[in-house]
Amino acid sequence: MGGGIGSRFWPFSRKSLPKQFLDFFGTGRSLLQMTLDRFKKIIPTENILIVTNAMYADLVKEQLPELKEEQILLEPARRNTAPCIAWASYHIKACNPNANIVVAPSDHLILNEEEFLDTVKKGLDFVAQSDNLLTLGIKPNRPETGYGYIQIDEPMGDNFYKVKTFTEKPELELAKVFLESGEFYWNSGLFMWNVNSIINTGERLLPELAAKLGSSPEVYATENEKAFIEENFPACPNVSIDIGVMEKAGNVFVSLGDFGWSDLGTWGSLYDLSEKDTSGNVTLKCHSQLYNCKNNIVVLPKGKLAVIDGLEGYLIAESNNVLLICRKDEEHAIRKYVNDAQMQLGDEFI
């Protein structure tokens, strides 16, 4: 899944160049490229699909030249993860009627890839033998309010657990309770299932979506698919796979992992993962001279110098025509800044 805007990483992530297409760590590979690099170690490249917004078609082709054009599914409108996954599932079923699928966001960071890929392989074996839906749960190390949580129930085999409850991003006090209980894990947003399991469950729980995308299964993987999607996809309900399917289905399991996962959803998550100086400051891409500064993250274009005195706990980020300076622990307000800039000044700064 590679169609998001990544507005919480503004101004680094822009509508025209979202975070999945950016090289955050100076490795020469974007998050999207790193995701493909990771999965093609266990999945043939020809079996990998990218679902993204139509406006990113050229970016995907430029960054992933090894993929054929038919491996890139272009959404004509933004409709959240359930329609994205439904379309990909119908398309895959037309190509392979009994395929086992792993669904992965294109902007996650995995530090221990070997352990991660081993977990994915075991997960694919698990869903191949049943009609269960599987998600990956991450052991929390802090009371994070930016992630959804999964409460585990009884174990079902080697490191697989029935899901008891899902909870969307909790308030801090509840997140602390979750952390202390030992029963709750972060919801990674990485899923595995058999193509028939997800289609059958989706058609039962999201009939309005199924009516739009499942009405003509014969069009998928044919020359008629593009026209069918352009007509029907924009009319799909805007709903996430978590809310639309995972929280309602009774056949959801979780596999627990500890492989250095981050969804890189916020500047705070990037700060946590980055190398810090003795005062807890992070500098990325640019040069910095910091005086009387603690626990800041500074991200300017390559070749620029930031000279900062007397700041503690701040985000200082510049990209193109926008400079953002705000408290690091108030980054939830970035979406408001983006909306205000768009309303007052138009799309020039978005």
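Note that the structure is predicted; figures quoted are calculated from it, not measured.
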Counting only heavy atoms not in E223, do more than 12 fall under 6.0 Å of its CD?
no

I198 versus S89, closest heavy-atom pair with distance:
CG2-OG, 3.6 Å

Give the cluster check for L31 versus L49: same hydrophobic cluster or not, with ILVMFWY residues linked at side-chain heavy-atom distances below 4.5 Å.
no

Mark yes or no for whether E75, through its side chain, and V51, through its backbone, hold a donor-acceptor pair below 3.5 Å.
no

Do V338 and R8 come within less than 4.5 Å of each other through their side chains, counting heavy atoms only?
no

Check: A82 main-chain N/O paired with N80 side-chain donor or acceptor under 3.5 Å
no

Quick one: are L273 and L111 in side-chain contact, heavy atoms under 4.5 Å?
yes

Rounded to the nearest 0.5 Å, how far apart are NZ of K122 and CG of L134?
12.5 Å

Is the number of heavy atoms from other residues, nucleotides or ligands under 6.0 Å of K15 NZ greater than 12?
no

Joint cluster assignment, V103 & M246, ILVMFWY side-chain distance < 4.5 Å
yes

Just one of Y271, W267, F9 clears the ring-ring contact (aromatic ring centres under 6.0 Å, His included) bar with F24, so which one?
F9

same_hphob_cluster(V102, F191) at 4.5 Å side-chain heavy-atom cutoff
no

Contact between S106 and F21 at the side-chain level, heavy atoms closer than 4.5 Å - yes or no?
no

Any donor-acceptor pair under 3.5 Å from Q342 side chain to D347 backbone
no

Any ion pair linking K336 and D340 (charged N to carboxylate O, less than 4.0 Å)?
yes

Greater than 12 external heavy atoms within 6.0 Å of K139's NZ:
no

Establish, from distance only, whether the side-chain atoms of E66 and T45 form a donor-acceptor pair under 3.5 Å.
no

Expected output: side-chain N200 to main-chain N196 donor-acceptor under 3.5 Å
yes

Heavy-atom donor-acceptor pair, N232 side chain to F228 backbone, under 3.5 Å
yes

When you check the side-chain N and O atoms of T135 and N187, is any donor under 3.5 Å from an acceptor?
yes

To the nearest 0.5 Å, atom CD1 of I199 lies from atom CD1 of I85 at 12.0 Å

Do N159 side-chain atoms and L256 backbone N/O form a donor-acceptor pair below 3.5 Å?
yes

CG-CG distance between L315 and N295, expressed to the nearest 0.5 angstrom:
13.5 Å

Tell me whether R79 contacts the main-chain N or O of C236 through its side chain, where contact means a donor paired with an acceptor under 3.5 Å.
yes

Test log, rule side chain to side chain contact (heavy atoms under 4.5 Å, CB included), inputs N132 and W193
CA-CA 7 Å; N132 295 319; W193 39 55; over 6 Å; no

So, does E225 use its side chain to make a donor-acceptor pair with the main chain of A221 at under 3.5 Å?
yes

Salt bridge check, D107 against K19: does any charged N sit closer than 4.0 Å to a carboxylate O?
yes

Quick one, V245 and T201 - any side-chain contact, counting heavy atoms below 4.5 Å?
yes

In terms of heavy-atom contacts, M1 and C84 come closest through CG-SG, 3.6 Å

Q151 side chain to T165 side chain, donor-acceptor N/O pair below 3.5 angstrom:
yes

Give a yes or no on whether the ring-centroid distance for W10 and F12 is below 6.0 angstrom.
no

Check the side chains of N100 and N194 for a donor-acceptor pair under 3.5 angstrom, ignoring hydrogens and angles.
yes

With the threshold set at 4.0 Å, does a side-chain nitrogen-carboxylate oxygen contact exist between E113 and K41?
yes

If Ile, Leu, Val, Met, Phe, Trp and Tyr residues are connected whenever their side-chain heavy atoms lie under 4.5 Å apart, and connections chain through other members, are V163 and M192 in the same group?
no

Are L179 and V177 side-chain neighbours, meaning at least one heavy-atom pair lies under 4.5 Å?
no

With a 3.5 Å distance limit and no angle check, can you tell me whether S216 reaches the backbone of E218 through a side-chain donor-acceptor pair?
no

Is there a path of hydrophobic side-chain contacts, each under 4.5 Å between heavy atoms, that joins V252 and L206?
yes

Can you tell me if K212 has over 12 outside heavy atoms packed within less than 6.0 Å of its NZ?
no

Less than 4.0 Å between a side-chain N and a carboxylate O, is that true for K61 and E69?
yes

Parallel, tilted or perpendicular: which fits the ring planes of Y90 and Y220, with parallel below 30° and perpendicular above 60°?
parallel

Looking at every non-hydrogen atom in both residues, tell me the closest pair between Q71 and I48 and how far apart they are.
NE2-O, 2.9 Å

For F233, check ring pair (Phe, Tyr, Trp, His ring centres under 6.0 Å) against everything at least two apart and list the hits.
W87

Looking at D58, I want to see if its CG is surrounded by more than 12 non-hydrogen atoms of other residues, nucleotides or ligands under 6.0 Å.
no

What pair of heavy atoms forms the shortest contact from L59 to S16, and how long is it?
CD1-O, 3.6 Å

To the nearest 0.5 Å, tell me how far C293 SG sits from E312 CD.
9.0 Å

Looking only at side-chain N and O atoms, does W186 offer a donor or acceptor that is under 3.5 Å from a partner on Y149?
yes

Do N321 and R14 get their side chains close enough for a donor-acceptor pair, meaning under 3.5 Å?
yes

Check this for me: does any side-chain nitrogen of one of K226 and E230 sit under 4.0 Å from a carboxylate oxygen of the other?
yes

Listed by chain and number, what are the side chain to side chain donor-acceptor pair (under 3.5 Å) partners of D37, not counting sequence neighbours?
R29

Evaluate whether atom NZ of K40 has more than 12 neighbouring non-hydrogen atoms of other residues, nucleotides or ligands under 6.0 angstrom away.
yes

Please list all pairs passing the ring-ring contact (aromatic ring centres under 6.0 Å, His included) test where one or both residues lie in residues 103-137, with sequence neighbours left out.
F39-F116, H108-W261, F116-F259, F126-F160, F126-F253

Looking at side-chain heavy atoms only, is the closest gap between T145 and K169 below 4.5 Å?
no

Does any part of the side chain of V254, heavy atoms only, come nearer than 4.5 Å to the side chain of L136, both counted from C-beta?
no

Are there more than 12 heavy atoms of other residues, nucleotides or ligands under 6.0 Å from atom CD of E168?
yes

Once rounded to the nearest 0.5 Å, what's the spacing between atom CD of E114 and atom CZ of R38?
14.0 Å

Give a yes-or-no answer on whether the side chains of Y291 and Q289 include a donor-acceptor pair shorter than 3.5 Å.
yes

Of all heavy-atom pairs linking A306 and V298, the shortest is CB-CG1, 3.8 Å

Heavy-atom closest pair, residues S274 and L270
OG-O, 2.6 Å

To the nearest 0.5 angstrom, please state how far the OG atom of S7 sits from the CG atom of N339.
7.5 Å

SB check E46 K68 (cutoff 4.0 Å):
no

Does a side-chain heavy-atom distance below 4.5 Å link I229 with L213?
yes

Do S288 side-chain atoms and L290 backbone N/O form a donor-acceptor pair below 3.5 Å?
no

